[in-house]
Amino acid sequence: MLSLSSPQSSTSSTATAAKFSLHHHHHHTTLKISTMLSLSFPQPSTTAKSTTLLRHHHHHGHPTLKIRAIDAAQPFDYETRISTRFIQSTKLKIAVIGFGNFGQFLSKTLVSQGHTVLAHSRSDYSAAAANLGISFYRDPDDLCEEHPEVILLCTSILSTRSVLSSLPFQRLKRSTLFVDVLSVKEFARDLLIQSLPPDFDILCTHPMFGPESGKNGWKGLPFVYDRVRIGKEESRVLRCERFLEIFEKEGCRMVEMSCAEHDRHAAGSQFITHTMGRVLQKLGLEETPISTKGYETLLDLVENTSSDSFDLYYGLFMYNKNAMEQLERLDLAFEELRKELFEILHGAVRSQLFGEAEQGGREHERPAVREVPSNGRALPPPSETVGAENS
Ligand code: NAP
């Protein structure tokens, strides 16, 4: 049997308290429910959000069961608090240092994912930042005093050392995560380990795309990372994971790889790509009415690489110890190709000039390369030459 012993309601107060007593036949169990109902918010919830069950013995020895249920207003209720806390816990306060081409490109996605982004750069990008809803700090001291959880270094490879030395680390929280996106990784790793206080975490990354190649989204594009120094505390581990999730969410192909391995692969792929793009750019290639697919690909390559700064390209060369070897290999490959062509030409020219005589077995008496006209001048067209050679 349930009896309402003393209901109270008040429209002027924000809460209504109701007390119920339940007399359970012989056991004299008392059930008291205090319910706080919010009247001041538009969507009051009627479900009990927090319930306390107290069972204790009354002074006469009769067990008393007390249930206290608190149903608070929406913004303070348990589920809302938990979900707000969850959203907050997945969002980061990220300071982008170096708000140039790539820094701004990354920031757009950070903002779209709901992270709080602050920015600082050598140049004044206040207007560009405001357009993206980002607060721009001309003074790095002011930015550091905002205590960002993550410092995202998007500076040029060449300037990173001096930019790092200009940051007032002492103004940051002792637990701060430093992330870099430099296109060379061993240099970045060593520099960060040398320069940062030991309490700071270090995550080295390289998004293998840029404003051109990633303009239609990042799905399937490689994102390389190396957890160089992440503290063992759960909060530090989680913070690093939350940062990586940014790229996971966009559909990047996440590749965990050491900085050294990255540099080996990148010299053989990215540096070669940039070099070829720049060589082709020097040729001033233009659209033609009969462009083949292959040629269109070359034009795309020029467009893709020429929008990057020369600082970036020079950084790929200077700060990746494997780049020099790749440049030499490129030279050798070009030489070899030229040699192959000239050997065919050489053979063809010789057989034209001295063909019958050589067939007569007096080859050793003939003048060699010296007498070959330079660079194919005064030669028959290549097709005829090759045809003659083959026949
Ligand atoms: P960048 O020419 O390599 O770097 C430009 C940035 O460096 C700007 O924020 C610029 O600041 C800053 N900077 C240059 N010299 C400086 C100096 N002396 N002092 C202080 N700051 C200086 O071009 P980016 O494309 O924006 O690349 C930024 C970083 O991202 C590089 O480390 C690059 O390797 C990496 N990355 C780029 C791409 C890409 O596709 N572009 C892809 C992956 C990684 P101000 O603009 O304020 O002068």
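Values reported hereafter were calculated over all heavy atoms of this structure, with side chains retained and with hydrogens, waters and symmetry mates removed. As the structure lists them, so they are numbered: ligands from 1, and atoms in each ligand from 1.
- Comment: Arg189 engages Glu186 in a salt bridge, judged by a side-chain N to carboxylate O separation of less than 4.0 angstrom.
- Protein heavy atom in closest approach to atom 36 (N) of ligand 1: Ser183 OG, 3.5 Å.
- In summary, Arg264 and Glu261 do not engage in a salt bridge, as defined by a charged side-chain N under 4.0 Å from a carboxylate O.
- Atom 45 (P) of ligand 1 has its closest protein heavy atom at Ser123 OG, 3.4 Å.
- Listed by number with element, the atoms of ligand 1 under 4.0 angstrom from any heavy atom of Gly98 are 9 (O).
- Ionic pairing of Glu296 and Lys293 is not present here: no N-O contact between side-chain nitrogen and carboxylate oxygen is shorter than 4.0 angstrom.
- Between Phe136 and His120, the ring planes are parallel. Angles under 30° get that label, and only those over 60° would be called perpendicular.
- Of all heavy-atom pairs spanning Asp180 and Ala188, the tightest one is OD2-CB, 3.3 Å.
- Ligand 1 places these atoms under 4.0 Å from at least one heavy atom of Asn101: 25 (O), 26 (O).
- Among protein heavy atoms, atom 30 (O) of ligand 1 sits closest to Phe102 CD2, 3.4 Å.
- For the residue pair Ser175/Arg239, the side-chain donor-acceptor check at 3.5 Å is satisfied.
- Nearest to atom 44 (C) of ligand 1 by heavy-atom distance, out of Leu106, Val96, Val181, is Val181.
- Relative orientation of the Phe243 and Phe247 rings is tilted, given thresholds of 30° and 60° on the angle between their planes.
- Taking a cut-off of under 4.0 Å to the non-hydrogen atoms of His206, the atoms of ligand 1 that pass are 43 (C), 44 (C).
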message: Let's go through Lys93 and Glu149 carefully: what are the C-alpha distance in whole Å and the side-chain angles of both, what is the deciding distance for salt bridge (charged side-chain N to carboxylate O under 4.0 Å, His left out) to 0.1 Å, and is it a yes or a no?
response: CA-CA 5 Å; Lys93 192 173 186 180; Glu149 294 162 281; over 6 Å; no
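- Comparing heavy-atom distances from atom 29 (C) of ligand 1 across Leu153, Asn304, Thr155 singles out Thr155 as nearest.
- Heavy-atom distances between Pro207 and ligand 1 reach below 4.0 Å in at least one pair.
- With respect to atom 10 (C) of ligand 1, the closest heavy atom belonging to the protein is Arg122 NH2, 4.4 Å.
- Given atom 1 (P) of ligand 1, the protein heavy atom at minimum distance is Ser309 OG, 3.5 Å.
- Near Val163, the atoms of ligand 1 lying under 4.0 angstrom from a non-hydrogen atom of the residue are 20 (C), 21 (N).
- Residue contacts with ligand 1 include Phe209, since one or more of its heavy atoms lies under 4.0 Å from the ligand.
- Classification of the Phe271-Phe317 ring pair by plane angle, with boundaries at 30° and 60°, yields parallel.
- Ring pair Trp218/Phe105 is tilted by interplanar angle, where 30° to 60° counts as tilted.
- Within the set Pro211, Ser159, Ser156, Cys154, the minimum heavy-atom distance to atom 4 (O) of ligand 1 is found for Ser156.
- Protein heavy atom closest to atom 41 (N) of ligand 1, with residue, atom name and distance, is Asp308 OD1, 3.2 Å.
- Using a 4.0 Å cut-off between charged side-chain N and carboxylate O, Arg171 and Asp142 make no salt bridge.
- When hydrogens are left out, the protein atom nearest atom 47 (O) of ligand 1 is Ser121 OG, 2.6 Å; that is the closest non-hydrogen contact.
- Less than 4.0 angstrom separates some heavy atom of Gly210 from each of these atoms of ligand 1: 40 (O).
- Using a non-hydrogen distance threshold of 4.0 Å, Gln104 does not register as a contact of ligand 1.
- Taking atom 46 (O) of ligand 1 as the reference point, the nearest protein heavy-atom neighbour is Tyr125 OH, 2.4 Å.
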query: Checking salt bridge (charged side-chain N to carboxylate O under 4.0 Å, His left out) for the pair Lys185/Asp263: CA distance, chi angles, key distance, verdict?
result: CA-CA 6 Å; Lys185 295 271 53 84; Asp263 283 3; over 6 Å; no
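- Each of the atoms 32 (O), 34 (O) of ligand 1 lies under 4.0 Å from some heavy atom of Ile157.
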